[in-house]
Structure formats: C-alpha cells, structure tokens
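Read through the structure below, which is laid out as structure tokens, and then see the notes.
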There are 2 protein chains.
Amino acid sequence: MVIPKVEDYLKTIHRLQDRDTQVAPSAIATAMGVQPPTVTAMLKRMHDDGFVDYERYQGARLTTRGEKLALETLRHHRLLELFLTEQLGYDWSEVHDEADVLEHYISEKLEARIAALLGFPTVDPHGAPIPTVDLKVRHDAGQQSVDQFDEGSLVVVSEVRDNSPDVLDYLTEVGVRLGALLKVIEVAPFGMITLKVRETDDQFSLPSETASSIFVTQFDATSTSESGQFSEVH
Amino acid sequence: MVIPKVEDYLKTIHRLQDRDTQVAPSAIATAMGVQPPTVTAMLKRMHDDGFVDYERYQGARLTTRGEKLALETLRHHRLLELFLTEQLGYDWSEVHDEADVLEHYISEKLEARIAALLGFPTVDPHGAPIPTVDLKVRHDAGQQSVDQFDEGSLVVVSEVRDNSPDVLDYLTEVGVRLGALLKVIEVAPFGMITLKVRETDDQFSLPSETASSIFVTQFDATSTSESGQFSEVH
DNA sequence: AGAATGAATTAGACACGTCTAAAGAAAAGG
DNA sequence: CCTTTTCTTTAGACGTGTCTAATTCATTCT
C-alpha cells in the first residue's frame, strides 16, 4: 500500500538476491543508503504485508508477491529508460535517475501505451532485459563480462550494467555502445584491462571493476548481427 | 522540500485564489478532500517555508515563491496532459489523473524535452493555457462560458474546465470538442441549457453547472479558425 | 569453551501528513 | 448587543520512514 518506498526496497532485495540466498539487512542498508535499524523496521512491515519472508536474524527473501512487484517496477524502469532515449532524445547516461523516480508513478495503462509505442521491446538502452508483461525475464545466457575473455578475443557489447553517468559518458566517448565490436588487447593482473574499439580503432583501459559491468558475447561473423559495418575482422 | 503534497496544496490555493482574496482553510479542506485541522497544520508549515502568507484566522494567500511553484506544477500538468494525448494516444478524458501524479515527479529536463517535442504548445487538451517556461499565463480574454450567451448564438468551443471523465466522454460523444461550432438553442431558467453541434446536428441539453465549464468565443466567420468545415453558417 | 568482534535488533526520537475530539474565535441573526 | 452558529485552531493520536544510542545475538578466534 505504501508503494514507492516498498518498491525501492523490493528492487534492491531482488538485485541482491542472486539465487535463493537470504539477503542480509546490512547489505540492504548499504544498497539503499540507510541505517540498519531502518531496514529492520521496513522488513518487519514488508513481512506483515506479505512482500518478504523475514525472521529476525535470518535475513530476507522475496515472496512471490514481492518478486512480482519488484519485477513490475523493473519493467517500468526499463521501459521508461528506453522511452526516454527513443522518444525524448535522452542519452543512455541520463535515463537512470529519471526512470528511478517515474517507475513508481506511471499507471498500468501508461506502461502498456509506452510498451506498444516502442514495439514491445525486449531490452533497455543498457542492454538489460525488460521483464515481459507477465513478468518473465529472459536472461542472455551467452553473455559474460568482458574481463572474463582472453587477450585477443573479439567480442560484441551486449549489456552495460553501470548507472553512473560519468562511466557511461566515458564509454560513449571511446565508442563502447551496444553492438560495438571490441578486441581484448591486454588483461593486466593488477586489475586493468585494455580494449580496442573496432569501429574507431580507439584503444583505452579500464579498471577491471568497470570492465566487469560490460557484458559481451564472443564475436561470430556468421551471426545475424545488425553491426554489419564490423563484419570484416581485424 | 516536501515537494508533492505542498505542490498539491499550492495548486489548490492558486485555483481558489481568484484575484487577491485570502483563501479560507475550509475551502482548501473541501477542495483537497481533507479535514480542516490538516489544512491548519499544512498552512503553518507552508508559511514557515515561505510558500504562503498565513496568520491564524486570516486565511492564506500565495507568496511569489508559492505562486511560482504552483505555476511550475501547473505547467507540468498541462504539458503532460498534452503529451499523453499527442504521443501516447490518450483521450482528453483520461489524462487528468495520470498527469496529476506525474506532474510532481518529472525533472526540469524532461519538462523541457516534452515541451520541445510538442512544439512549445500554448494550450492543453482541454484548451487551458500552459504556463510558459518563465511561468506567465496568457488568459484568453475573449472567451466566456456558454451559459452566458443568448439563444441563437453561434459559438466556438475554446476550453472545457471539467476533469470528470464521464462528463468529457459524454461531451465527446455529442460532438463537443475544442474548435467545435455550437448553436445555443435554449437557455431554460431552471438551470438547463440546450445546444446543437453544427457538425453533427446533434442536439443535447446540459445542466447549467456543466455548461458553465464550457468556454466558448463568439463565432466570427472572418476569424482565422482552423475549423474550415464550419464556415458555412446555418 | 570463553572472549572478542561484528551484525542485527530494540528503544526512543523526530518530521510528515493525516485523523478525531474539544476548545476558541469570528460571523450571523435576532 | 448578545446569542447562536459556523469556522478555525489546539490537543493528542497514529502510520510511515528515517535517525542515534544502546542492547542482544551470532560468529570467529584464541
């Protein structure tokens, strides 16, 4: 009933709840930017409202109901991000904060209109899957973060899991966008990775922390890719 | 700092504050659907925050700061209404509630993008003026509510000040939309007015309460109207 | 196992926005 | 002008969401 705040907590728990582990209150507190007692209080109420399984000192886990609301919110978020880029001229670095607010306030009707206008899209501007209207999420099984590849690998950018405008602007500047073809030049042991963008021949380095948020698939010249201009391999 | 609720109160006070009269707390309470003590408490805080002039038992009046925020919110509201009709396929009867929520949450950047996409519009889907980016409101001096006209008058619909979806749907059904040409058939003394829509020849009656929310201008065949199909007078 | 450490919870507070019940001020009516 | 009515305010409460300080629980280390 408290919609916006509860949705934020549910989104956070959903994100932290990789597989069926219990999520620690401290992790939620850090992710939400609040103090631990605030989390305890919220978990109690969300448990009373049936959004999470929670017993003291046992951490929290989404119920079916909680997961449903988390995914509904995530669908709103990603549809809005795409809407802002496609229809309002936003850059992918600008959409997160705006969508993070609006996701709580658009009606189901508006959600449906936006989805229809965009042609029932499946991925947002960062390459993340948009939950379907019945809240299924299709994970891209083939992708891995770019730091998992060997030097010399040729890869295609499929998703960037970083909301920081600065990082996204930097990536845009060096030519890293969805569908871009990258070559892994060097993977240094001290946490630095050097990449080259095929299109521009720009070469640049990233801390592996950032590289781990760039997801790619092995380049396959025979695959049906829209990046036709990259099909001649270096 | 409390943005959404304060904006709602400021919008209400702005609407009630016809000319420079003090607005009575009871009027605000009725309009906002809350109890009088709630209004007293809010007025105190809004006064402390500089949004209204308020002293006990004296009613409230917007300060320059309060009016600015009210008009900013009104601009958001009307831009959103137009955006929803123009871009998302909403009907004029559907936009009010959605805009009433979203108006509090769109950023200045999004406001600007929407305004640009719509070509810097001056009126919303109900014909109400959209405050400009520097928050000036151009009132249509020529318009009057349709119940002010004599029988036989030929008028053009310029604004409908009613948010009820039922009323708006009914008006759509009988052909009353912005720019429609109406003839005043009968003004009954017991509060009923009968109109005929020029385009469809549909004739219908309205309680004068509803008629008083339909604003029109005297039809002038020489005026630069887009309703060219109505130029042959009955 | 007992002690130290760290995480989680309880206790108590506060601002917001709302309520009901009661008291006080202003306006209207005789 | 005094009384009655109506409007407004005060008093006290509650749920939400947050905090700090203190306590309790769980875990880890010697």
Side-chain angles (χ1 to χ4, degrees), chain A residues 1-18 21-62 65-66 69-70 73 100-101 103-105, chain B residues 1-18 21-62 65-66 69-70 73 100-101 103-105:
Chain A
M1 34 217 61
V2 216
I3 328 168
K5 276 292 147 182
V6 168
E7 286 176 352
D8 279 338
Y9 278 91
L10 293 177
K11 270 205 316 176
T12 296
I13 296 169
H14 180 263
R15 181 161 48 80
L16 297 174
Q17 184 183 290
D18 248 345
T21 50
Q22 311 281 114
V23 179
S26 56
I28 300 171
T30 303
M32 295 284 300
V34 299
Q35 296 301 315
T38 306
V39 174
T40 302
M42 281 302 295
L43 289 179
K44 242 177 236 167
R45 288 201 294 104
M46 291 196 291
H47 173 257
D48 291 347
D49 293 344
F51 292 116
V52 294
D53 288 332
Y54 166 69
E55 278 176 276
R56 27 202 253 323
Y57 296 104
Q58 296 306 126
R61 181 190 298 178
L62 296 180
R65 175 139 179 262
L69 188 48
T73 307
D100 234 26
V101 176
E103 64 185 6
H104 305 299
Y105 302 106
Chain B
M1 37 211 60
V2 216
I3 329 167
K5 277 292 146 182
V6 168
E7 285 176 352
D8 279 337
Y9 278 91
L10 293 177
K11 270 205 315 174
T12 296
I13 296 168
H14 180 262
R15 181 161 48 81
L16 297 175
Q17 185 183 288
D18 248 344
T21 50
Q22 311 280 115
V23 180
S26 57
I28 300 170
T30 303
M32 295 283 302
V34 300
Q35 296 301 315
T38 306
V39 174
T40 301
M42 280 302 294
L43 288 179
K44 241 176 239 166
R45 288 200 295 104
M46 291 196 294
H47 174 257
D48 291 347
D49 293 344
F51 293 116
V52 294
D53 289 332
Y54 167 69
E55 278 176 277
R56 35 203 245 322
Y57 297 103
Q58 296 305 126
R61 181 190 298 178
L62 296 179
R65 175 139 179 262
L69 188 47
T73 307
D100 234 25
V101 176
E103 63 185 7
H104 306 298
Y105 302 106

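Computed from heavy atoms alone, side chains included, the values below leave out hydrogens, waters and symmetry copies. Predicted model, so just to flag it, every value in this text is computed and none were measured.
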Among C/dT10, D/dT8, D/dG17, the one nearest A/R56 by side-chain distance: C/dT10

Parallel, tilted or perpendicular: which one describes the rings of A/Y54 and A/H47, with boundaries at 30° and 60°? perpendicular

Among the nucleotides D/dG17, C/dC16, C/dT18, whichever has the atom closest to the side chain of B/R45 is C/dC16

Can you tell me the distance, in whole Å, between the CG atom of B/L43 and the P atom of C/dT18? 12 Å

How close or far is atom P of D/dT18 from atom CD1 of A/I28, stated in whole angstroms? 13 Å

Tell me if a side-chain donor or acceptor on B/R45 pairs with a main-chain N or O of B/V6 at a distance below 3.5 Å. no

Under 4.0 angstrom between A/S26 side-chain N/O and C/dG6 OP1 or OP2: no

Phosphate oxygens OP1/OP2 of D/dT9: is one of them under 4.0 Å from a side-chain N or O of B/T40? yes

Under 4.0 angstrom, heavy atoms only, what part of the nucleic acid is A/P36 near: base, sugar-phosphate, or nothing? base

Starting from the 5' end of DNA chain C, give me the residue, B/P37 or B/Y57, whose nearest nucleotide shows up first. B/P37

Round to a whole Å and report the spacing from NE2 of A/H104 to P of D/dG17. 12 Å

Is the phosphate of C/dC16, meaning OP1 or OP2, less than 4.0 Å from a side-chain N or O of B/Y9? no

Determine: side-chain N/O of B/K44 to OP1/OP2 of D/dT9, distance under 4.0 Å, yes or no. no

Could you please name the option among C/dC19, C/dT9, D/dT10 that lies closest to any side-chain atom of B/Q35? C/dC19

Nucleotide nearest B/K5 (side chain, heavy atoms from C-beta), chosen from D/dT18, C/dA8, C/dT18: C/dT18

